[in-house]
Amino acid sequence: MDELDERIQAAAKKRARAEKAFNDADAELRALLVEGRAANKGPSHMAKLTGFTREWVAKIAPLSKS
């Protein structure tokens, strides 16, 4: 394996770690948004906290029908 192969392999590993970190953080945020809706926090409020749109927050954490 030459130096370019090693750099490609290292970059692929780095990308895989970054993807896992993103997916973990995304899952945590989505769970917290659902928890926030259950605690009667509105999508507009949580959108301000996260920097995401109100519509995105409402899609991820719709108002519970129960």
Side-chain angles (χ1 to χ4, degrees):
M1 196 161 47
D2 64 15
E3 186 261 340
L4 180 57
D5 290 346
E6 291 171 359
R7 289 179 24 219
I8 291 169
Q9 191 174 50
K13 288 178 183 178
K14 184 178 178 180
R15 183 192 180 282
R17 285 191 307 271
E19 183 177 14
K20 181 181 180 335
F22 171 82
N23 288 336
D24 291 348
D26 187 59
E28 178 184 11
L29 176 58
R30 288 170 183 258
L32 287 169
L33 293 174
V34 170
E35 186 179 331
R37 288 295 280 173
N40 294 319
K41 296 195 180 288
S44 294
H45 174 71
M46 292 190 292
K48 289 177 189 173
L49 296 173
T50 62
F52 292 105
T53 65
R54 178 203 175 287
E55 293 76 16
W56 186 84
V57 172
K59 179 181 173 185
I60 298 307
L63 187 57
S64 174
K65 292 184 171 126
S66 55

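Only this structure's heavy atoms are used, side chains among them; waters, hydrogens and symmetry mates stay out. As the structure is a computational prediction, the values presented were derived from the model and not from experiment.
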Given Thr50, which partner from the list Leu32, Ile60, Val57 fulfils the side-chain contact (heavy atoms from CB on, under 4.5 Å) test?
Val57
Would you check, one step at a time, whether the test side-chain contact (heavy atoms from CB on, under 4.5 Å) holds for Lys20 with Asn23?
CA-CA 5 Å; Lys20 181 181 180 335; Asn23 288 336; 5.8 Å; no
Given Arg54 and Met46, is the side-chain contact (heavy atoms from CB on, under 4.5 Å) satisfied, shown in steps?
CA-CA 8 Å; Arg54 178 203 175 287; Met46 292 190 292; over 6 Å; no
Rounding to 0.5 Å, atoms CD (Glu19) and CG (Asp26) come to a distance of 11.5 Å
Should the heavy atoms of other residues, nucleotides or ligands under 6.0 Å from CD of Glu6 be counted, would the total exceed 12?
yes
Checking Lys41 against Glu35 for the side-chain contact (heavy atoms from CB on, under 4.5 Å) test, could you report, in this order, the C-alpha distance in whole Å, the side-chain angles of both residues, the deciding distance, and whether it holds?
CA-CA 9 Å; Lys41 296 195 180 288; Glu35 186 179 331; over 6 Å; no
Close side-chain approach of Leu29 to Phe52, heavy-atom, < 4.5 Å
yes
Using a strict 4.0 Å threshold on nitrogen-to-oxygen distance, state whether Lys59 and Glu55 make a salt bridge.
no
